[in-house]
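Reviewing the structure listed below.
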Amino acid sequence: MRKKERYEKVITWFQENVPVAETELHYNDPFELLIAVILSAQCTDKRVNIVTPPLYQDFPTPEAMAASSPEVIFEYVRTVSYPNNKAKHLVGMARMLVADFDSQVPDNLDDLIKLPGVGRKTANVIQSVVFKKAAMAVDTHVFRVSHRIGLVSKTCTTPYSVEKELVKHIPEELIPIAHHWLILHGRYICQARTPKCEVCGLQMMCKYFCDTYKVSKEKPEGKNK
């Protein structure tokens with residue numbers, strides 16, 4: 001299957017079967033989402049959603065968090081991965097928002113990645129979810145699913161190269177939701193260790209499935225290795 005055809009079929013399937021796809025992180029405003037995304041690095045959204053309510057309540061603004069300390073914030077985030085670093089990042093991020101951005105979360109990549117704890121992936125999540133920009137955040141799920149389906153080639157060995165390839169082929173207006181399509185598909189169906197190919201609706205569009213089970217268009221029923 002040619003790449004253009006694969007993209008068209010995959011996008012159509014998601015549009016028909018997953019018309020609503022959004023972040024599973026809980027938040028009420030851009031500042032809260034920024035906190036949640038920083039905490040979600042190498043940590044589950046479920047764990048982050050447990051941790052954040054008290055944090056949001058006690059530090060509702062950048063000013064409130066900026067006036068705190070990493071030691072205090074650590075007690076709120078101690079059950080997430082890398083709590084020491086993330087506590088420092090949150091306080092540093094809040095202080096920079098207050099000092100340099102009038103306490104507002106920036107809407108562009110260059111300013112976002114200046115913030116402590118914010119890399120390209122986090123910045124793209126904020127641009128996409130909050131500001132509805134055509135930014136593709138590539139996490140481990142997006143990276144894995146894109147390769148397995150065959151949306152990107154084996155030469156795309158970095159998150160940035162995967163991002164560029166996806167943005168090149170996905171219509172600009174669909175990039176924000178496509179980010180969530182791929183994440184959710186990776187989280188619940190195309191899992192890292194044991195992909196649930198038997199229940200996946202993308203079987204006949206998926207390079208991994210067709211290669212693994214020796215499936216061709218002429219023999220769609222053939223699932224034997």
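Given the structure is predicted, the values throughout are model-derived calculations rather than measurements. The analysis underlying the following values was restricted to heavy atoms, covering all of them including side chains, and did not include hydrogens, waters or symmetry mates.
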Students often mix this up, so state it plainly: with edges at 30° and 60°, are the rings of Trp181 and Phe14 parallel, tilted or perpendicular? parallel
Indicate whether the side chain of [X] and that of [Y] have a donor and an acceptor atom separated by less than 3.5 Å.
X: Ser153; Y: Lys3; result: no
X: His147; Y: Arg144; result: no
X: Asp58; Y: Tyr76; result: yes

Roughly how far, to the nearest 0.5 Å, is [atom2] of [Y] from [atom1] of [X]?
X: Leu34; Y: Met65; atom1: CG; atom2: CE; answer: 9.5 Å
X: Thr52; Y: Glu32; atom1: OG1; atom2: CD; answer: 8.0 Å
X: Arg47; Y: Asp45; atom1: CZ; atom2: CG; answer: 12.5 Å
X: His169; Y: Ile11; atom1: NE2; atom2: CD1; answer: 10.0 Å
X: Leu202; Y: Arg6; atom1: CG; atom2: CZ; answer: 10.5 Å
X: Lys133; Y: Asn124; atom1: NZ; atom2: CG; answer: 10.5 Å

Closest non-hydrogen atom pair, [X] against [Y]:
X: Val145; Y: Gly186; answer: CG2-CA, 3.5 Å
X: Val77; Y: Ala87; answer: CG2-CB, 4.2 Å
X: Ala123; Y: Ile113; answer: CB-CG2, 3.9 Å
X: Ile38; Y: Pro116; answer: CD1-O, 4.0 Å

Do [X] and [Y] sit in one hydrophobic cluster, given that two such residues count as connected whenever their side-chain heavy atoms are within less than 4.5 Å of each other, even indirectly?
X: Met205; Y: Leu174; value: yes
X: Ile177; Y: Leu151; value: yes
X: Tyr7; Y: Met1; value: no
X: Ile35; Y: Val125; value: yes
X: Tyr188; Y: Leu25; value: no

Where do Thr158 and Phe143 land on the side chain to side chain contact (heavy atoms under 4.5 Å, CB included) test, with the steps shown first? CA-CA 8 Å; Thr158 65; Phe143 190 89; 5.6 Å; no
Could you tell me whether a side-chain N or O of [X] sits under 3.5 Å from a main-chain N or O of [Y], the two making a donor and an acceptor?
X: Gln203; Y: Cys197; answer: yes
X: Arg95; Y: Ala66; answer: yes
X: Ser68; Y: Phe59; answer: no
X: Asp111; Y: Pro106; answer: no
X: His26; Y: Asn49; answer: no
X: Ser40; Y: Cys43; answer: no

Side-chain heavy-atom pair [X], [Y] within 4.5 angstrom cut-off:
X: Gln191; Y: Lys196; result: yes
X: Thr79; Y: Ile50; result: no
X: Ser103; Y: Thr61; result: no
X: Leu112; Y: Val105; result: yes
X: Val72; Y: Val91; result: no
X: Phe31; Y: Tyr56; result: no
X: Pro30; Y: Ile126; result: no
X: Leu33; Y: Asn28; result: no

Just do the side chain to side chain contact (heavy atoms under 4.5 Å, CB included) check on Val80 and Lys86 with the steps written out, would you? CA-CA 9 Å; Val80 304; Lys86 290 178 180 178; 4.0 Å; yes
With the threshold set at 4.0 Å, does a side-chain nitrogen-carboxylate oxygen contact exist between [X] and [Y]?
X: Lys114; Y: Asp100; value: no
X: Lys46; Y: Glu24; value: no
X: Glu163; Y: Lys121; value: no

Quick check on [X]: does its [atom1] atom have over 12 non-hydrogen neighbours (other residues, nucleotides or ligands) under 6.0 Å away?
X: Phe131; atom1: CZ; value: yes
X: Gln57; atom1: CD; value: no
X: Glu172; atom1: CD; value: no

Evaluate side chain to side chain contact (heavy atoms under 4.5 Å, CB included) for Glu63 paired with Leu97, printing each intermediate quantity in order. CA-CA 9 Å; Glu63 290 85 355; Leu97 286 182; over 6 Å; no
Just do the side chain to side chain contact (heavy atoms under 4.5 Å, CB included) check on Leu109 and Arg120 with the steps written out, would you? CA-CA 7 Å; Leu109 178 68; Arg120 187 178 184 91; 3.3 Å; yes
For Thr122, which of Asp139, Leu115, Val37 qualifies under side-chain contact (heavy atoms from CB on, under 4.5 Å)? Val37
